[in-house]
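Here is the naming used below: chain letters follow the sequence lines, and residue numbers restart at 1 for every chain. These figures come from a predicted structure and were not determined experimentally.
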2 protein chains.
Amino acid sequence: MVKTAGIPLPGQPVRGSKTGKPIMALLDQMGRTWSLGILWQLNMQSLTFRQLQTSCEQISPTLLNTRLKELRQLQLVEHGNEGYCLTVMGQQLFEIILPLGQWSDQWAAAMGVEQRNDD
Amino acid sequence: MVKTAGIPLPGQPVRGSKTGKPIMALLDQMGRTWSLGILWQLNMQSLTFRQLQTSCEQISPTLLNTRLKELRQLQLVEHGNEGYCLTVMGQQLFEIILPLGQWSDQWAAAMGVEQRNDD
DNA sequence: TTATAATGCTACAAAAACTGTAGCAGGTAA
DNA sequence: TTACCTGCTACAGTTTTTGTAGCATTATAA
């Protein structure tokens, strides 16, 4: 890795937007590989670094650590006694994306796929 | 680009999950650069390929086309007379993520950033 | 006290994803 | 014909991500 893109802080230019609008910073971060997956996995349970590695089947430790640093700096994730967990803000964010679970079932059905998330 | 990862179809293994659960396919696609941004830009207005390129400041035409192919195959985006637009399912998905706009303002404020999305 | 195992990482080369610039082919309209 | 829009494609260079190995620290326990 020759150079790493900065953490997309709201108020500053990010990938795809020089305006500094918070939504653009958020979409930048959420559009990075595994950001959404990490938030999803940390829902309602703390996980250690190793547990996260396992639950995110293919993430490399290098990248997991990079993402955790970003998400911690963005105050969405923190590291407590029992491992990594969502901050209060992280939980708020999770609650917004929570309906994606149910919606994805409808989506899959509309595409002719039988499998559901609770299979 | 030597090889391109497949489109994350629900019901099939995707990056980070061999289970085929629809939510994992969705998180895979939404975690790809510009997926969320394209959905965001297409909210309530059709945009031509060139207009999308402009509104997504830094996207390359190569990648824009790749994402549009993916999003079309996943039935979230379609190409009509007036350019690209969201399908009905794409609009449903957009409505789920719509609250991210307001939330990102609170998030920015909590991080001590003054700028808002409507500045 | 050594050992066994778990933690949270770091190093680094190879592979994949993305950018940036150029330009092509088709339509339209003057 | 010329000009200008559209939706792309080509491709080299750059950045991101993977995959494997392993290190340093802390805890348990033999």
Side-chain angles (χ1 to χ4, degrees), chain A residues 1-8 13-18 24-25 27-39 41-42 45-74 77-85, chain B residues 1-8 13-18 24-25 27-39 41-42 45-74 77-85:
Chain A
M1 200 179 293
V2 176
K3 177 192 163 190
T4 301
I7 296 176
V14 298
R15 269 194 312 184
S17 176
K18 294 166 187 158
M24 298 312 291
L27 295 183
D28 181 352
Q29 184 62 47
M30 294 301 111
R32 296 184 180 192
T33 309
W34 279 113
S35 272
L36 284 167
I38 290 170
L39 292 184
Q41 296 294 344
L42 289 180
Q45 62 181 333
S46 293
L47 290 174
T48 66
F49 189 93
R50 300 271 173 152
Q51 287 172 325
L52 266 172
Q53 262 190 287
T54 303
S55 59
C56 301
E57 297 171 18
Q58 293 167 330
I59 195 171
S60 67
T62 316
L63 184 60
L64 176 55
N65 189 40
T66 301
R67 284 293 170 273
L68 287 171
K69 275 184 196 163
E70 291 166 358
L71 294 172
R72 280 196 277 185
Q73 189 161 345
L74 295 176
V77 162
E78 60 194 357
H79 193 200
N81 294 336
E82 300 173 14
Y84 287 97
C85 59
Chain B
M1 199 181 290
V2 177
K3 177 193 163 188
T4 302
I7 297 176
V14 298
R15 272 195 311 184
S17 175
K18 294 165 188 157
M24 298 312 290
L27 294 183
D28 181 351
Q29 184 61 47
M30 294 302 111
R32 296 182 180 194
T33 309
W34 280 113
S35 271
L36 284 167
I38 290 170
L39 291 184
Q41 297 292 346
L42 288 181
Q45 62 181 333
S46 293
L47 291 174
T48 67
F49 190 94
R50 301 270 172 149
Q51 286 173 326
L52 266 172
Q53 262 190 288
T54 302
S55 58
C56 301
E57 297 172 17
Q58 292 168 332
I59 196 171
S60 65
T62 316
L63 184 60
L64 177 54
N65 189 40
T66 301
R67 284 292 168 276
L68 287 172
K69 276 184 197 163
E70 292 166 359
L71 294 171
R72 280 196 278 183
Q73 188 160 347
L74 295 176
V77 163
E78 60 194 357
H79 193 201
N81 293 337
E82 300 173 14
Y84 288 97
C85 60

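- A:Asp28 places its CG atom 13 Å from the C1' atom of D:dT15, with the value rounded to the nearest Å.
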Might you work through the side chain to side chain contact (heavy atoms under 4.5 Å, CB included) test for B:Phe49 and B:Asn65, ending with a clear yes or no? CA-CA 8 Å; B:Phe49 190 94; B:Asn65 189 40; 4.0 Å; yes

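- Distances shorter than 4.0 Å separate some side-chain N or O of A:Arg67 from OP1 or OP2 on D:dT17.
- Following rounding to the nearest Å, A:Leu47 (CG) and C:dT7 (C1') show an atom-to-atom distance of 14 Å.
- At least one donor-acceptor pair under 3.5 Å links the side chain of A:Ser55 to the backbone N or O of A:Leu52.
- Rounded to a whole Å, the CZ atom of B:Arg32 is 14 Å from the P atom of C:dT19.
- In terms of phosphate contacts, A:Trp34 brings a side-chain nitrogen or oxygen within less than 4.0 Å of OP1 or OP2 of D:dT18.
- To the nearest angstrom, P of D:dG7 lies 12 Å from CG of B:Asn81.
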Run B:Glu70 and B:Arg32 through salt bridge (Lys or Arg N to Asp or Glu O under 4.0 Å) and show every step you take. CA-CA 10 Å; B:Glu70 292 166 359; B:Arg32 296 182 180 194; 3.2 Å; yes

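- Atom-to-atom, CD of A:Gln53 to P of D:dT20 comes out at 12 Å; the value is rounded to the nearest Å.
- Closest to the B:Leu63 side chain, of the nucleotides D:dT18, C:dA22, C:dC18, is C:dC18.
- Looking at residues two or more places apart in sequence or on another chain, you find a side chain to side chain contact (heavy atoms under 4.5 Å, CB included) between A:Gln45 and A:Leu47.
- When each of B:Leu68 and A:Thr33 is assigned the nucleotide of DNA chain D with its nearest heavy atom, B:Leu68 is the one assigned upstream, toward the 5' end.
- Rounded to whole angstrom, the span from the CG atom of B:Leu64 across to the P atom of C:dA17 amounts to 17 Å.
- Here the C1' atom of nucleotide D:dT16 and the CD atom of A:Gln58 are 16 Å apart, to the nearest Å.
- Between B:Gly31 and A:Phe49, the residue whose closest nucleotide on DNA chain C is further toward the 5' end is A:Phe49.
- Of the possible donor and acceptor atoms, one in the side chain of A:Asp28 sits under 3.5 Å from a partner among the backbone N and O of A:Arg15.
- Put simply, the side chain of A:Thr62 and the base of C:dC12 share a donor and an acceptor less than 3.5 Å apart.
- The listed nucleotides are D:dT9, D:dG7, C:dT10; the one nearest the side chain of B:Arg50 is D:dG7.
- Looking at which nucleotide of DNA chain D each of B:Asn65 and A:Ile59 is closest to, the 5′-most match is held by B:Asn65.
- We find that OH of A:Tyr84 is positioned 12 Å from P of C:dT7, with the value rounded to whole Å.
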